[in-house]
S.K.: 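Pasting a structure below so you can have a look.
Treat the numbers as computed from the prediction; the structure is a model and nothing was measured. All ligand and atom numbering here is 1-based and tracks the order in the structure.
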Amino acid sequence: MLKTVKFGGSSLADAAQFRKCAKIIHSDASRRYVVVSAPGKRSWNDIKITDLLYRCCDAAQNDLDFSDSFRLVRERYCEIVRELGLELDLTAKLDHIEKKLRNKVDRDYAGSRGEYLSAMVMAAYLDWPLIDSEDYILFREDGSFDAEATQEKLSFILQDTPCAVFPGFYGGLPDGRVHTFSRGGSDISGAIVARASASDLYENWTDVSGLLSCDPRIVDNPAPIDVISYAELRELAYMGASVLHESAIFPVKAAGIPVNIRNTNDPDAPGTMIQTNPKERHGRTITGIAGRGCYTSIMIEKDQMNEEVGFAMRVLQVLARHNIIVEHIPTGIDIMSVIVPSDQLAPMRDEVMAELWAETRADSIKINDNMALLTVVGQGMKNQLGAAGRVFGALGHAGINVNMIDQGSDELNLIIGIDAEDLNPAIRALYHEFFG
Ligand code: ASP
């Protein structure tokens with residue numbers, strides 16, 4: 001058994017958290033590759049190290065003094081090192097970073113240093129080697145991640161490296177400069193190391209005991225999700241339920257490596273297991289419920305629309321020209337709606353409307369800005385008679401009007417359009433029906 005473990009910022013916020021991580025690592029000999037984030041917030045009003053570094057970088061670019069912010073970075077690492085009782089002296093490294101910042105180094109380098117220093121501290125504390133991701137997680141010149149080159153180089157070095165600590169979040173460009181993933185990207189680094197090391201499991205340690213079946217701000221104490229498939233996770237994440245960077249699943253999914261979301265502050269909790277085809281299910285029909293407001297539906301009516309070749313294409317071309325994402329396209333015989341994110345439509349609404357009238361010569365075009373999309377996700381719905389009936393029955397009993405219904409062809413999810421103000425009551429009604 002071989003495991004790659006990744007610890008997020010809240011798991012490394014101070015020396016006590018570093019100790020918890022080390023205890024978790026030492027408690028299981030198969031946890032051999034460790035990927036770390038930069039120290040996160042210690043309390044709600046604290047500032048993440050990565051944010052402080054970006055702040056220093058932005059100030060330097062504008063010729064402003066950033067010494068107060070950098071002092072906070074320096075103090076945080078020095079305190080962690082001191083409290084862990086390490087002999088490590090980071091002064092020269094910190095001086096070097098400060099000097100680079102003064103010389104207006106780029107944002108990627110600045111942001112990456114939080115993870116770099118974090119990995120130095122963790123490597124010293126575990127007394128394990130540090131592998132700098134700059135040399136092994138490879139990006140192309142255009143900044144896109146080069147999965148094949150990375151896999152080749154990283155898996156080669158790992159053959160002779162029984163254990164190691166890696167800084168998350170960044171890698172290197174062909175010209176040697178540091179390049180970062182998007183925010184929260186250490187999750188991706190962890191998945192890359194898990195794949196390159198052919199780990200049996202990728203443990204992602206954070207500050208919650210896995211995913212919940214719905215948003216705890218809407219339903220009190222929702223049931224935790226013990227097992228979920230990658231496909232289900234993707235559906236829920238798209239609607240805003242998230243504990244993992246969305247790009248992090250691709251490297252492990254391709255390699256068939258399960259991901260276990262675990263809580264550093266409650267290491268005995270089993271967390272959520274994410275895998276391709278979970279066998280041991282919880283026996284529930286529904287895995288999770290999520291939803292988001294802020295959608296607009298554009299309803300286009302025209303007599304004999306169904307006989308007009310290319311009608312839908314012309315509608316979609318107008319939206320594509322304005323770079324607007326189309327979420328759903330419910331259609332009737334002489335009616336077609338497109339559902340789009342309201343914030344994307346708002347700035348170019350008049351132009352889009354004018355072009356739609358011109359391109360379609362419709363009888364009417366109506367806009368409804370007050371739309372929410374609700375997604376009910378569950379592999380258990382597949383081939384299960386009556387599952388959809390229960391969903392709509394529960395919404396009907398709660399007095400919620402359904403504007404749109406869309407079911408993915410894999411029967412994995414039901415997407416339901418409702419009025420924005422009905423979103424929270426709808427989530428509660430469905431939770432009650434399936435989990436209550
Ligand atoms: N430290 C980076 C961030 O705050 C990356 C990460 O934590 O995953 O976004």
S.K.: Are R107 and D58 within salt-bridge range, i.e. N to O under 4.0 Å?
M.R.: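 Result for this pair is yes, salt bridge flagged.
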S.K.: side-chain contact (heavy atoms from CB on, under 4.5 Å) with M348: which residues, sequence neighbours excluded?
M.R.: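 Residues passing side-chain contact (heavy atoms from CB on, under 4.5 Å) with M348: H322, I324, E351, V352.
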S.K.: For ligand 1, which atoms have a heavy atom of K48 less than 4.0 angstrom away?
M.R.: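 Near K48, the atoms of ligand 1 are 4 (O).
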S.K.: Touching ligand 1 at all, G184? Heavy atoms, strictly under 4.0 Å?
M.R.: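 Checking ligand 1 against G184, which is what was asked, there is a heavy-atom contact under 4.0 Å.
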S.K.: What residue and heavy atom of the protein are closest to atom 6 (C) of ligand 1, and at what distance?
M.R.: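 The closest one turns out to be S186 OG, 3.3 Å.
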S.K.: So, is K6 polar-close to ligand 1, with some N/O to N/O distance under 3.5 Å?
M.R.: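 In fact, backbone or side chain, K6 has no N or O that close.
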S.K.: Relative to each other, are the rings of F66 and F70 parallel, tilted or perpendicular (30° and 60° limits)?
M.R.: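 Perpendicular, since the angle between the ring planes exceeds 60°.
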S.K.: Could you tell me which residues satisfy ring-ring contact (aromatic ring centres under 6.0 Å, His included) with F181, sequence neighbours excluded, listed by chain and number?
M.R.: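 Once residues adjacent in sequence are excluded, the partners of F181 under the ring-ring contact (aromatic ring centres under 6.0 Å, His included) criterion are F139, F145.
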S.K.: Is the shortest distance from a Lys or Arg side-chain nitrogen in D51 or R183 to a carboxylate oxygen in the other one below 4.0 Å?
M.R.: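 Between R183 and D51 there is a salt bridge, with a charged N closer than 4.0 Å to a carboxylate O.
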S.K.: For atom 7 (O) of ligand 1, what's the nearest protein heavy atom and its distance?
M.R.: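 Result for atom 7 (O) of ligand 1: S37 OG, 3.1 Å.
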S.K.: Can G9 be said to touch ligand 1, with heavy atoms closer than 4.0 Å?
M.R.: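 False for this residue.
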S.K.: Quick one: nearest non-hydrogen protein atom to atom 4 (O) of ligand 1, plus distance?
M.R.: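 Scanning the protein heavy atoms, the shortest distance from atom 4 (O) of ligand 1 goes to R183 NH2, 2.9 Å.
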S.K.: For K104, I'd like to know if atom NZ has over 12 heavy atoms of other residues, nucleotides or ligands within 6.0 Å.
M.R.: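 Yes, the 6.0 Å shell around NZ holds more than 12 heavy atoms from other groups.
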S.K.: What residue and heavy atom of the protein are closest to atom 2 (C) of ligand 1, and at what distance?
M.R.: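 Its nearest protein heavy-atom neighbour is E115 OE2, 3.4 Å.
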